[in-house]
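For reference, the structure is listed below as structure tokens.
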Amino acid sequence: TLILAGLETTGSKYKTTFTSTAGVPFTITHSLNSIDFVYQVRNGNDDAAVDLVRLNNNQVQITTAVGFTGTITFVAF
């Protein structure tokens, strides 16, 4: 049984589509004004792994192991 105590459900959301090249970092500006967020990356209907570095409150740098066109969704709290 999983119990989520004190889970905050309010926040801001940002979703975008991107095209990556394997091993080449790129920047996404999400404008959520926070480093406190969760994210999900999809390649089609499948989850995809990425290396994500928080650059500041509004930008992240992403690097992928393989090139693909996908989506990333951020939810800030």
If you measure from CZ on Arg54 to NE2 on His30, what distance do you get to the nearest 0.5 Å? 8.0 Å
Which distance, rounded to the nearest 0.5 Å, do you find between the CZ of Phe77 and the OG of Ser12? 10.0 Å
For residues 58-76, which side-chain N or O atoms pair as donor and acceptor with protein atoms under 3.5 Å away, sequence neighbours left out?
unit_1, atom_1, unit_2, atom_2, d
Asn58, OD1, Leu32, N, 3.4
Asn58, OD1, Asn33, N, 2.7
Gln59, OE1, Asn56, ND2, 3.2
Gln59, NE2, Thr29, OG1, 3.0
Thr64, OG1, Ser20, OG, 3.0
Thr64, OG1, Val66, O, 2.9
Thr69, OG1, Thr19, OG1, 3.0

Which hydrophobic side chains are connected to Ile35, either touching it within the sub-4.5 Å cutoff or through other members that do? none
For residues 39-46, tabulate all N or O donor-acceptor pairs below 3.5 Å that involve a side-chain atom, not counting sequence neighbours.
unit_1, atom_1, unit_2, atom_2, d
Gln40, NE2, Asp47, OD1, 3.2
Arg42, NH1, Asn45, O, 2.8

If you apply the rule ring-ring contact (aromatic ring centres under 6.0 Å, His included), what do you find for Phe26 with Phe18, and how did you get there? CA-CA 9 Å; Phe26 61 96; Phe18 65 87; 5.3 Å; yes
